[in-house]
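Contents: one structure, followed by commentary.
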Amino acid sequence: MLNDKTKTITIVGGGTAGWMAAAALVRFFPKEHYTVQLVESDSIGTVGVGEATVPHLRYFNNMLGIDENEFITATQATYKLGIQFENWGQIGESYIHPFGSHGYPINEIAFHHYWIKLHQQKKVVPFDQFSMAVVAAEYGKFNYPSDDANSPLSTYTYAFHINASAYASYLRQYSEPKGLLRIEGKINTVAVNNHGEIDHLVLESGKAIYGDLFIDCSGFRGLLIEDVLKTGYENWSHWLLCDRAIAMPSEPQKNAALFTRAIAHDFGWQWQIPLQHRTGNGYVYSSQFISDDVAHKTLLENLNTAPIGEPNLLRFTPGRRINSWNKNCVAIGLASGFLEPLESTSIYLIQIAILKLLEFFPEDSNTAIKRDEFNRQIKSEYEKIRDFIVLHYHLNRRTDSDLWKYCAQMNLPDDLLRKKQLFYQSGHVEKYRHGLFMEPSWLAVYLGQANPPIHYDKRVDIYDNGALPAYFSRIAQEVKNIAEKMPVADRNLYKMVEQKAKKYSTASMSLYGGNVK
Amino acid sequence: MNIPVKKILIVGGGLIGWWAAVFLKKSVPNIHISILNSQVEDTYAETLEPNFANYLQLIGLTEQHIIKYTDGNFAFAQAYFGWLRTGNNYFHSADGLSFDYDAVEFNQWILKLRKNDPSIKIDDYSVSAVAARLGKSPLRLNKKPIAALSFDLGLLKKLLMSYALDLAIDVINKELLAVELDSAGDIDFIVASDASILTSDFYIDASGYTGDLIAKAMGVAYESWSAYLPFHKKKISVVPQQDSRLIPFTSLQLTQQGWLKSIPLKNKIVCEYIYDDALLGAENGKNAIADFFVNGQDVNFYPGQRQKIWHKNCLAMGAAAITADGFSHSPLYLAAVTLKQFMAYWPSHQQFDAVENEFNRLMRTEYESIRDLHCLHYAVINMQAFSTNTFWREIKLPESLQYRLDLFMETGRALPDESTLLHPSQWIHLALGLGCWPRKYDYIASHHSDDIYVQYSQSIKASIQASIENLPDYTDYLKSYIS
Ligand SMILES: Cc1cc2nc3c(=O)[nH]c(=O)nc-3n(C[C@H](O)[C@H](O)[C@H](O)COP(=O)(O)OP(=O)(O)OC[C@H]3O[C@@H](n4cnc5c(N)ncnc54)[C@H](O)[C@@H]3O)c2cc1C
């Protein structure tokens with residue numbers, strides 16, 4: 001690192017990752033001490049299909065001081081309460097994985113243990129019907145969650161479907177007035193110093209771009225982290241077989257759904273993401289099993305509004321850069337790894353990497369421990385999300401294609417196998433404190449894909465005096481009643497956006513809102 | 001193993017055995033609980049973490065019961081004497097120190113401030129710590145007390161025993177003679193001293209360090225922590241509390257040969273001197289001890305943990321499961337946490353190895369994080385390099401603690417770990433309080449000038465000062481509290 005007063009942080013790439021990083025850095029790094037610059041090339045496009053997000057993005061926007069309604073207008077966003085998974089357990093089945101919890105603990109025993117008992121007796125409605133977010137989403141109703149922990153409205157939170165390219169442009173407008181230096185140009189070569197660190201970039205024009213720290217947001221390729229630093233990539237395609245996607249926008253839906261749809265097909269799955277002005281669609285599939293043409297055809301056949309753009313083919317290798325931070329280069333976004341968008345996690349992973357970078361920002365040359373800790377935490381985030389995505393594929397009872405048969409029988413990552421066995425034997429979800437997906441999410445998938453455990457917590461029997469079924473139908477009814485009273489989503493969206501006096505619910509780094517830590 | 005569990009037999013009549021008996025009977029009333037009231041070596045006094053009230057509540061006790069019937073006393077801080085090279089003492093408390101300034105965390109701006117002002121002491125920013133020093137009570141009579149609680153072990157055991165009488169707990173006043181396993185390695189039955197045979201569905205080993213069931217019979221090994229926590233001898237003595245004023249804090253005094261812990265109760269002070277044999281060989285060492293303990297009692301202890309605390313149809317608790325040096329998280333506290341966690345993983349069917357593994361995994365995470373906190377106490381002695389005694393220098397750090405410390409020294413941050421018993425801020429405050437000052441603070445702290453932090457710091461101290469003046473004298477407070 002240079003010793004002079006000001007330091008230069010050079011961001012390579014102007015996709016979602018590059019612009020999110022730029023915005024956060026200019027927000028927190030005083031101009032007097034830091035120069036933040038971003039290089040992007042008009043001739044190399046961005047991926048920019050990132051459209052479904054998780055609630056954490058609200059926290060990120062808050063941190064930047066971005067007004068939520070302004071953001072909604074700028075990114076043509078719609079509200080999102082969860083993801084609807086169709087045909088995953090078996091063709092014809094469907095459940096919603098919500099941004100919220102299900103029920104509440106009774107006598108200090110988790111709600112789902114009671115549900116499992118009643119389910120064994122066939123005396124209870126589906127598990128997701130105990131989630132406020134699910135029922136509201138199904139009714140097409142939305143309201144801000146409440147901050148009052150005693151309110152049933154505190155049991156969920158929300159995210160957005162957004163136009164990611166519009167978000168990137170918005171962040172550009174945010175960043176430039178705060179001092180961000182944008183440099184247009186294609187990077188031709190990269191010069192390395194005698195410590196093997198990145199010294200400077202050379203653009204096609206011949207211009208040299210220096211930096212103390214380089215943030216590699218150059219996309220799949222990893223221009224610095226891989227091409228130059230040869231950091232290495234861990235390939236996860238034996239667990240995640242899909243390696244391609246065809247994306248294609250279509251006309252907007254009449255009433256935008258409050259959830260992302262993830263519809264499983266023979267050799268992959270299709271996303272459907274409602275925005276204000278269009279519907280985002282795509283088919284994620286495995287090229288081992290079908291050709292791009294067949295995939296394209298499948299997607300076209302399954303659109304429910306008319307296409308309004310050309311198909312966009314994307315190839316990827318599921319996996320993770322072995323070290324996101326190597327020498328004086330930190331990779332963020334697709335340059336640091338790729339997990340398919342089944343749980344809308346990519347933008348979250350960008351956000352996490354940025355937050356960790358702020359936390360462990362290298363102020364001087366003594367960075368080894370910061371780098372190690374950063375890499376450790378990023379690795380753990382990726383692996384935990386990977387396991388959760390793999391679970392969706394694994395817990396299927398489909399026999400209609402080799403892909404699904406393979407997934408049902410594949411060898412699981414050790415951690416996942418342990419989690420699955422624990423749940424199967426006892427109904428317990430393995431506990432951890434750091435990670436995106438916690439108990440409510442694991443339950444949503446285990447139970448949503450019809451894999452109940454053989455046993456529930458036997459203490460439930462102590463409290464079961466025969467009144468449980470009635471009690472549970474009352475709870476389900478109550479959830480319905482509350483959801484029904486919420487405003488209709490579409491009208492509500494515009495009403496809320498137009499409101500002058502703006503008061504949003506608290507944004508937090510939680511997938512479930514106030515009640516679940 | 002018999003499922004569902006209808007009978008539980010607790011082996012060991014120490015405090016922890018009795019706690020287990022009462023807690024289980026209260027939590028699962030339809031289960032038959034018996035306790036083999038065999039001899040177990042207990043110590044004299046302990047101090048419980050502030051949130052222990054939640055556990056007391058589960059068995060129908062309150063802080064007031066503890067204060068009244070067990071010679072109990074609140075502790076608003078733990079005072080460290082002789083632990084700092086500066087010669088200062090440090091009052092560690094669980095509360096406060098949460099004064100962030102415009103997104104800059106307390107521990108970050110205080111680091112920046114300290115670069116130019118080495119006299120900064122972090123316990124000046126905690127109401128509890130300041131109150132404890134002055135013998136005042138940060139508690140108000142009309143509010144539920146949240147503070148650590150010290151108690152007389154023997155008295156609490158008596159209280160639990162009398163309680164057990166009303167609870168239909170089967171008390172067997174015998175010693176343990178033998179344990180028989182079945183072909184699957186589960187405990188089949190135990191033989192009591194009068195040759196009677198006792199069977200149960202599940203067993204709790206509260207027999208102390210020897211682990212009569214889990215270790216002696218079932219062969220589950222013990223992992224020693226002696227490389228990190230090298231002391232294994234204590235001398236305990238009880239002196240009457242002569243001052244009419246009560247002491248609202250526990251204290252730890254570092255000496256050349258070990259350290260002295262004092263737990264003041266209402267009517268007496270329990271002193272434990274943790275020392276090293278070899279060091280005591282030196283004459284001056286003997287004298288140092290002699291001053292404190294004329295009739296002290298010798299106790300051996302062996303820091304470490306059981307490899308698995310739940311094994312087949314047996315759960316180990318107390319010293320059969322874990323022993324540390326006593327800086328924090330007392331044995332009863334850990335036992336209560338362990339048992340409560342166990343309740344959530346109740347063995348409800350034949351095949352439960354995954355459940356057993358998960359429970360053991362969780363408890364190991366907790367125990368090791370507590371071990372690291374203990375080791376931190378010795379690490380800071382070396383980091384400040386003020387002890388001439390080579391003994392301290394030979395103490396090793398667990399790798400995990402070394403990593404935590406390296407990270408802390410470079411970033412001022414605690415490692416985000418999976419422990420639920422230790423809040424990261426507690427770790428940070430203890431490290432700072434014991435003189436372990438990170439080399440760097442967050443760049444974000446440099447957004448404001450020192451002047452602004454100085455002002456902020458003064459305003460915090462002023463408001464603490466103002467609230468202290470209105471606080472009641474602790475001795476008076478406690479009198480009214482129990483009357
Ligand atoms: C099929 C698919 C669906 C997805 N769906 C979602 C979703 O629903 N939710 C979600 O959160 N995420 C989703 N993602 C992920 C999301 O799109 C990405 O995480 C996000 O777009 C970030 O991309 P990026 O900025 O890292 O890279 P890119 O968008 O690829 O940007 C790379 C940038 O680097 C620049 N660059 C590259 N090489 C050079 C060079 N030589 N010189 C100069 N500039 C250069 C380019 O100009 C460009 O600006 C999806 C991804 C895929 C593939």
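Being a predicted model, the structure only gives us computed values, none of them experimental. Residue numbers start from 1 in every chain, and the chains themselves are labelled A, B, ... in the order their sequence lines are given, proteins ahead of strands.
Neither side chain, A:Q421 nor B:D353, offers a donor N or O lying under 3.5 Å from an acceptor on the other. Between the side chains of B:Q108 and B:Y101, no donor-acceptor pair is found at a separation under 3.5 Å. With 3.5 Å as the limit, one finds a donor-acceptor pair spanning the side chains of B:Q402 and B:D406.
Less than 6.0 angstrom separates the ring centroid of A:F388 from the ring centroid of A:F437. Within the 6.0 Å centre-distance limit, the rings of B:F408 and B:W427 are counted as a close aromatic pair.
Both the backbone and the side chain of A:D372 come within contact range of chain B, judged by heavy atoms closer than 4.5 Å. With a 4.5 Å cut-off on non-hydrogen atoms, A:I109 does not touch chain B at all. Heavy atoms closer than 4.5 Å to chain B are found in the side chain of A:H428, but not in its backbone. Residue A:E108 touches chain B through its side chain alone, counting heavy-atom pairs closer than 4.5 Å. Both the backbone and the side chain of A:Y432 come within less than 4.5 Å of a heavy atom in chain B. In this structure, chain A has a heavy atom under 4.5 Å from the backbone of B:D417, while its side chain stays farther away. Looking at B:S446, there are no atoms closer than 4.5 Å to chain A (heavy atoms on both sides), in backbone or side chain. Looking at A:Y424, neither its backbone nor its side chain comes within 4.5 Å of chain B, counting heavy atoms on both sides.
Using a 4.0 Å cut-off between charged side-chain N and carboxylate O, A:E430 and A:R418 make a salt bridge.
In terms of non-hydrogen atom pairs under 4.5 Å with chain B, the most contact-rich of A:F361, A:F29, A:F423 is A:F29. For the options A:H455, A:H113, A:K431, heavy-atom pairs under 4.5 Å to chain B are most numerous at A:H455. Comparing A:K458, A:R433, A:E359, A:Q425 by how many heavy-atom pairs each has under 4.5 Å with chain B, the most go to A:Q425.
Nearest heavy atom pair, residue A:P413 against residue A:R386, reads CB-NH2, 3.5 Å.
Shown here is A:I106, whose CD1 atom has more than 12 heavy atoms of other residues, nucleotides or ligands within 6.0 Å.
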